[in-house]
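Structure first, commentary second.
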Amino acid sequence: HDWYLSANLAEDANLDGHLIPGLSPRGVPRGLAGTALPFHYNNIDELEEILIKNKGTMAAIVMETIRYDFPKDDFLHKVRALADKYGFVLIFDEITVGFRLCTGGAHLFFGVNPDMAVFGKAMSNGHPMAAILGAEEVMEAAQETFISSTYWTDRLGPVAALATIRKFKDQNVAE
């Protein structure tokens, strides 16, 4: 995604900071460099420094609830507190972790409510499906924005998602 790759654009022609060294950023405009500012997971001081330095020029904190490491020292709650303190929207990317820890998302497992959470096809057992949930104020902003019609005519994805979620709940799959 452009926003993710933009955090890794180097001065030269490669994505030096990316997980795949030498990958060419074809199609990602160099003008996006610096529009996403990465921080290290479990490093709350680094995140706060970025937020203070960029207050007024940033809109949101976008992060995975968990990827490789569990949150330490109440990290996710501290991120929520910083988002509130400095006025940023907190968006949890639950595409990868999804329902692995808890039916409904890792944010429920950790007891931290984001302003928005994004889920992918794990919730539909691999069938094409996505869901975005969030606070009314944040979700209402989408009413004035173009949203792709990728799933508008698909009936299999929603049915698969409902069946998968029921199975997750009934069988306590995360446990």
Side-chain angles (χ1 to χ4, degrees), residues 1-9 15 17-20 23-33 35-39 41 58-71 75-77 79-80 83-84 88-175:
H1 299 327
D2 289 356
W3 67 268
Y4 175 80
L5 292 177
S6 72
N8 297 290
L9 285 172
L15 292 167
H18 197 272
L19 298 173
I20 305 170
L23 181 65
S24 175
R26 292 186 182 144
V28 180
R30 289 236 164 254
L32 290 177
T35 60
L37 307 172
F39 61 93
Y41 194 82
M58 291 176 40
I61 301 168
V62 181
M63 62 177 289
E64 290 181 289
T65 48
I66 183 172
R67 181 61 169 229
Y68 305 110
D69 299 312
F70 266 72
F75 178 67
L76 293 175
H77 288 92
V79 172
R80 172 76 265 175
D84 292 340
F88 293 100
V89 172
L90 177 58
I91 302 171
F92 282 160
D93 173 346
E94 298 249 21
I95 299 292
T96 301
V97 71
F99 292 9
R100 292 175 193 240
L101 300 176
C102 170
T103 301
H107 69 280
L108 296 175
F109 180 84
F110 293 114
V112 180
N113 287 328
D115 296 304
M116 183 182 289
V118 181
F119 296 88
K121 62 186 181 178
M123 66 182 227
S124 57
N125 200 29
H127 289 277
M129 191 65 207
I132 299 172
L133 59 90
E136 184 176 354
E137 180 181 329
V138 174
M139 297 299 284
E140 196 61 35
Q143 297 302 315
E144 299 174 17
T145 304
F146 174 76
I147 299 175
S148 173
S149 61
T150 301
Y151 303 120
W152 283 6
T153 60
D154 182 32
R155 288 173 180 80
L156 185 57
V159 170
L162 291 171
T164 301
I165 292 168
R166 273 192 213 103
K167 184 70 120 183
F168 265 86
K169 287 173 75 175
D170 293 345
Q171 301 297 315
N172 199 3
V173 172
E175 191 175 291

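No experiment lies behind these values; they were computed from the predicted model shown. These numbers come from the heavy atoms of this one structure, side chains and all, not from hydrogens, waters or symmetry mates.
Taking every heavy atom of both residues into account, Gly157 and Ser124 meet most closely at O-CB, 3.9 Å. Residue Met123 comes nearest to Ile165 through the heavy atom pair O-CG1, 4.0 Å, listed as atom of the first residue, atom of the second, then distance.
The backbone N or O of Thr65 lies less than 3.5 Å from a partner atom in the side chain of Tyr41, making a donor-acceptor pair. Asp115 places a side-chain N or O within donor-acceptor distance of the main-chain N or O of Leu90, the cut-off being under 3.5 Å.
Within the model, atoms CZ of Phe92 and CD of Glu64 stand 11.0 Å from one another, a figure rounded to the nearest 0.5 Å. Rounding to the nearest 0.5 Å places NE2 of His127 at 7.0 Å from OG1 of Thr164. Between Phe168 atom CZ and Asn125 atom CG the span is 7.5 Å, to the nearest 0.5 Å.
Every pair tested for salt bridge (Lys or Arg N to Asp or Glu O under 4.0 Å) that includes a residue from residues 161-175 fails, sequence neighbours excluded, so the list is empty. Sorted by first and then second residue, the salt bridge (Lys or Arg N to Asp or Glu O under 4.0 Å) pairs involving residues 117-136 (not counting sequence neighbours) form an empty list.
For Val159, there are no side chain to side chain contact (heavy atoms under 4.5 Å, CB included) partners at least two apart in sequence or on another chain. Applying the side chain to side chain donor-acceptor pair (under 3.5 Å) rule to Asp84 yields the partners Arg80; only residues at least two apart in sequence or on another chain are considered. With sequence neighbours excluded, no residue forms a ring-ring contact (aromatic ring centres under 6.0 Å, His included) with Phe109.
Taking 4.5 Å as the limit, every side-chain heavy atom of Val62 sits out of range of all side-chain heavy atoms of Met116.
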Run the side-chain donor-acceptor check on residues 97-108: report pairs under 3.5 Å with partners two or more places apart or on a different chain.
{"from": "Arg100", "atom 1": "NE", "to": "Thr96", "atom 2": "O", "distance (Å)": "3.0"}
{"from": "His107", "atom 1": "ND1", "to": "Glu94", "atom 2": "OE2", "distance (Å)": "2.8"}

Start with the C-alpha gap between Met63 and Phe39, add the side-chain angles, then the distance that decides, and say whether side chain to side chain contact (heavy atoms under 4.5 Å, CB included) holds.
CA-CA 9 Å; Met63 62 177 289; Phe39 61 93; 4.1 Å; yes

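With ring centers used as reference points, Phe70 lies under 6.0 Å from Phe110.
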